[in-house]
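Keep in mind that what you see is a predicted model, and the values were worked out from it rather than measured. Sequence positions, counted from 1, serve as the residue numbers for this chain.
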Amino acid sequence: MKFFQSSSKVKSNRELTHYEWICEATGDTNASFYMLRFTSQGNVEGWVKYADRKEKVKVFSASYVKEKNLLKFYKQDDVFVAVFSKEKIAAVIDGQTMNFIRCSKG
């Protein structure tokens, strides 16, 4: 079956690089939204917009690898995964699934 065949070719990350993705359903009453900003091919930043602040706050930097529609994020000893489509990233972070929608090119 093709499903079980290994093909670990890493495709280009052009569809992610320099884009920002927003998740408004955070479950955090203090946060207006979470944001993933793909700053370069292989690097991503996590940002939070708190309801009581004007500016977004950068909360992490990480590296990432895209293999077909799977994203793997690496931040020191932490790893989290997400499923990527052209319009949405569904990430499992701290046991919660968060849907990030493409919002703009940063």
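Contact annotation: the side chain of His18 never approaches that of Gln41 to less than 4.5 Å [non-hydrogen atoms, C-beta and beyond]. In this structure, the side chains of Val65 and Tyr74 come closer than 4.5 Å at one or more pairs of heavy atoms. By the 4.5 Å heavy-atom criterion applied to side chains, Trp21 and Ile101 are not counted as neighbours. Side-chain contact between Leu16 and Leu71 is present, with heavy atoms from C-beta onward closer than 4.5 Å.
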Please assess Met35 against Phe33 for the test side-chain contact (heavy atoms from CB on, under 4.5 Å), listing each intermediate value before the final yes or no. CA-CA 7 Å; Met35 182 177 74; Phe33 62 84; 4.2 Å; yes
Given the rule in the side-chain contact (heavy atoms from CB on, under 4.5 Å) test, do Asn99 and Ile89 qualify, once you have shown the distances and angles that lead to the verdict? CA-CA 6 Å; Asn99 293 307; Ile89 295 173; over 6 Å; no
How far apart are the C-alpha atoms of Val48 and Asn30, what are their side-chain angles, what is the distance that settles it, and do they pass the side-chain contact (heavy atoms from CB on, under 4.5 Å) test? CA-CA 10 Å; Val48 177; Asn30 296 320; over 6 Å; no
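Taken to the nearest 0.5 Å, the CG atom of Leu36 stands 5.5 Å off from the CZ atom of Phe60. Atom-to-atom distance recorded for Ser40:OG and Glu45:CD is 9.0 Å, nearest 0.5 angstrom. Between atom CE of residue Met98 and atom CD of residue Glu24 there is a gap of 13.0 Å, rounded to the nearest 0.5 Å.
Within a 6.0 Å sphere centred on NZ of Lys49, heavy atoms belonging to other residues, nucleotides or ligands number more than 12. Within a 6.0 Å radius of CG in Asp77, no more than 12 heavy atoms belonging to other residues, nucleotides or ligands are found.
Of the candidates Trp47, Tyr64, Phe84, Phe100, Tyr64 is the only one forming a ring-ring contact (aromatic ring centres under 6.0 Å, His included) with Phe38.
Counting all heavy atoms, side chain and backbone alike, Ser32 lies closest to Ala51 at OG-CA, 3.5 Å.
Using modelled atom types, one side-chain atom of Lys66 and one backbone atom of Lys68 make a donor-acceptor pair closer than 3.5 Å. With hydrogens and angles disregarded, no donor-acceptor distance shorter than 3.5 Å links the side chain of Arg102 to the backbone of Tyr19.
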